[in-house]
Amino acid sequence: MSEKLNCWEYRKCEDKSCPAYNRKDVYCWTISGNKSCCTGLEASNIFKKCLGCDVFRANALTGPAAGFMGLVKQLYIELEKSEAQLLLFQKINSLIHSTIKLDKTLHVILTCVTAGYGLGFNRALLLLTDETNSFLEDRMMVAPASREEAYRIWQELAEMDVTAENLPELVNIYENSFKASGKKYLSGKLVLALSEDNIFTQCIKDKNAIICDYKYRGRVPEAFLAFWGAGYFAAAPVLSGNQVKGLIVADNIFNNQEITKEQVDLLNSFAYHAGLAIENALLYKDLEKRAKELEETNERLKEARQIMMRTEKLTAMGEMAATVAHEMRTPLISIGGFAQIVKDKVKNDPASFKHMEIIAGEVKRLEKIIRDVLDFVRPFELTLTWINVKKVIESAVLITETGRKKKGSIAVFVAPGLENLKADEERLKQVLINLLDNALDSAKGAGVFILARREGANFILEIKDEGPGIKSGDADKVTRPFFTTKKNGIGLGLPIAEKIVKEHNGTLSIIPLEVGVLVRIKLPFSGRKS
Amino acid sequence: MKTLLVVDDEKNIRELYKETFEKDNYKVLLAETGNEGLDLAAQNKIDLIILDIRLPDMNGMEVLERLSAGVKEVPPVILNSAYPGYEHDSSVWLAEKYLIKSGDLEELKQTIKAVIEKK
């Protein structure tokens with residue numbers, strides 16, 4: 001049927017100015033010798049259509065022009081394939097250059113090497129150099145589940161035009177196909193030294209791709225053979241500028257197809273772009289890291305500024321507290337002193353006596369608060385002398401127990417022959433009193449122990465109570481100023497004790513026990529080092 | 001009867017000390033300023049001085065130093081202040097004791113007794 005039709009009839013152009021129009025000697029436009037068709041189509045594009053046209057086939061592939069046209073057709077098919085490949089590489093390149101996440105980039109690169117009729121390898125492995133540039137490590141491997149699947153993904157991509165808008169969509173196709181394979185590649189299975197002389201280092205040195213066949217059999221590292229399971233493959237260096245970034249290894253292990261020179265050339269130019277993309281991704285990663293570091297520094301700076309502001313505020317408040325405390329002291333002396341005088345005078349009036357006792361007692365309490373506040377906010381100097389620890393402990397125990405109903409509940413254990421300690425006697429006593437007060441309060445009738453001993457160059461003092469201990473939420477708060485669980489405390493006992501111990505170059509630690517709490521003080525025997 | 005000299009610029013404290021120590025059978029002389037105190041110490045036979053540190057005309061240390069220079073037989077001195085922090089002043093060593101003022105006069109009373117008995 002088609003033999004009797006002109007191509008314009010067959011294709012229904014119906015253009016009367018076509019050179020083939022109404023001619024019976026020339027049926028086909030292609031062989032009419034004209035450069036362009038009257039429909040205005042580009043020569044190459046109309047030629048594509050001619051290849052699928054029955055009129056063209058009937059006229060061009062038979063008769064005298066057949067040999068020549070057959071060649072043209074074959075060349076054209078090659079050209080078409082190259083054109084498609086070129087287009088695809090453009091897509092791949094823009095894709096990998098637009099992907100800044102390293103893993104994504106790497107995966108895109110390997111998929112490109114293996115999928116469909118791109119490079120068409122069965123599988124591909126990417127090796128990257130380590131940070132010290134002395135080893136090649138396997139980073140990622142792609143082997144499609146089946147050729148069909150690979151082809152499908154490739155086809156999908158080939159049909160899309162790459163624009164800024166659909167780039168994310170393209171990336172997603174890669175991503176999803178990656179997920180579909182179900183496995184995330186775990187690197188670290190293969191490490192090759194760059195200092196050795198083998199096929200890979202040669203490939204890197206020459207900066208050129210290589211087909212590794214029987215000629216190179218002896219130059220493939222054993223470790224690689226064990227890992228890869230095949231000795232026939234192509235390898236191309238991944239370079240960025242002069243720097244070696246890694247190596248792409250690919251082969252056709254499933255269909256055993258020969259690796260052609262063309263394939264390797266493509267692999268080579270592809271690896272070059274891959275190098276740039278990896279460099280991009282690494283730079284971006286570095287940038288991200290730097291940004292994060294900067295953010296962290298900024299955060300730390302903010303914290304430091306806050307601490308500084310808090311410290312300044314505390315210092316100002318401390319000064320104010322000290323002034324107020326001082327000013328309160330003098331009137332309190334009069335109140336307390338005269339209360340005592342009146343108290344003695346009203347001995348025979350039990351109600352008034354009790355009231356005066358309360359006044360005197362409360363003045364005492366206020367005086368203690370003032371003393372604590374001043375101790376806490378003011379810097380003090382230590383008067384260091386060699387002191388007998390046992391005596392200091394006994395004196396502190398006596399003072400602590402004074403005014404308490406139950407006496408003798410503190411057990412003292414001082415290591416026999418314990419040497420004298422260089423410390424401020426009064427301050428150390430104050431530490432002991434504060435800690436013993438706490439221990440007795442928290443023991444709630446249970447035992448309290450003091451242990452003093454030497455440990456190397458240090459003096460160790462432990463105060464232990466067998467009370468209900470510290471509530472878990474309070475553990476890190478107890479040394480905070482003004483934190484207290486007591487009705488009558490202002491929460492400075494422990495902070496003052498800690499301050500004094502620190503002045504002595506020692507440490508104070510609070511150790512919650514299964515039963516009760518242990519406070520351990522460690523002091524250097526010879527006093528302050530400074 | 002032993003004689004105590006109280007040097008303190010706070011009227012209430014002077015009265016408190018006077019009443020308290022007279023009850024304990026001491027003769028009590030009162031001075032408001034350092035100079036007044038030095039004068040009284042020169043004119044009377046004093047057994048013990050209770051000296052405040054912050055005074056309007058001079059501070060207690062200065063009183064201590066002048067006392068040692070001007071009076072033949074220097075009585076023992078108890079420094080008595082609302083303010084800690086003078087412990088490291090070498091002049092403090094001229095005094096028998098450095099006490100922080102308190103509404104509870106027990107410690108002061110005990111110290112006075114001990115110093116006078118020692119003398």
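Quick caveat: nothing in here was measured; it's all calculated off a predicted structure. Naming: A, B, ... by sequence-line order, numbering from 1 per chain.
In this structure, chain B has no heavy atom under 4.5 Å from any part of A/Glu426. With a threshold of 4.5 angstrom between heavy atoms, A/Leu332 approaches chain B through N, CA, C or O but not through any side-chain atom.
Taking A/Ile370, A/Val363, A/Thr330, A/Ile335 one by one and counting their heavy-atom pairs under 4.5 Å with chain B, the maximum is reached by A/Thr330. The choice from B/Glu19, B/Glu15, B/Glu10 that makes the most heavy-atom pairs within less than 4.5 Å of chain A is B/Glu19. Taking A/Arg371, A/Lys364, A/Gln340 one by one and counting their heavy-atom pairs under 4.5 Å with chain B, the maximum is reached by A/Lys364.
Side-chain contact between A/Arg365 and A/Glu362: present, with at least one pair of heavy atoms (C-beta onward) separated by less than 4.5 Å.
With respect to B/Tyr17, the side chain to side chain contact (heavy atoms under 4.5 Å, CB included) criterion is satisfied by exactly one of B/Leu108, B/Leu4, B/Val28: B/Leu108.
In terms of modelled atom types and a separation under 3.5 Å, the side chain of B/Asn44 and the main chain of B/Ile46 share no donor-acceptor contact.
Classified by interplanar angle (parallel below 30°, tilted 30° to 60°, perpendicular above 60°), the ring pair A/Phe449/A/Phe413 is parallel.
A pairwise comparison of heavy atoms in B/Ser68 and B/Val74 identifies CA-CG2, 3.8 Å as the closest pair.
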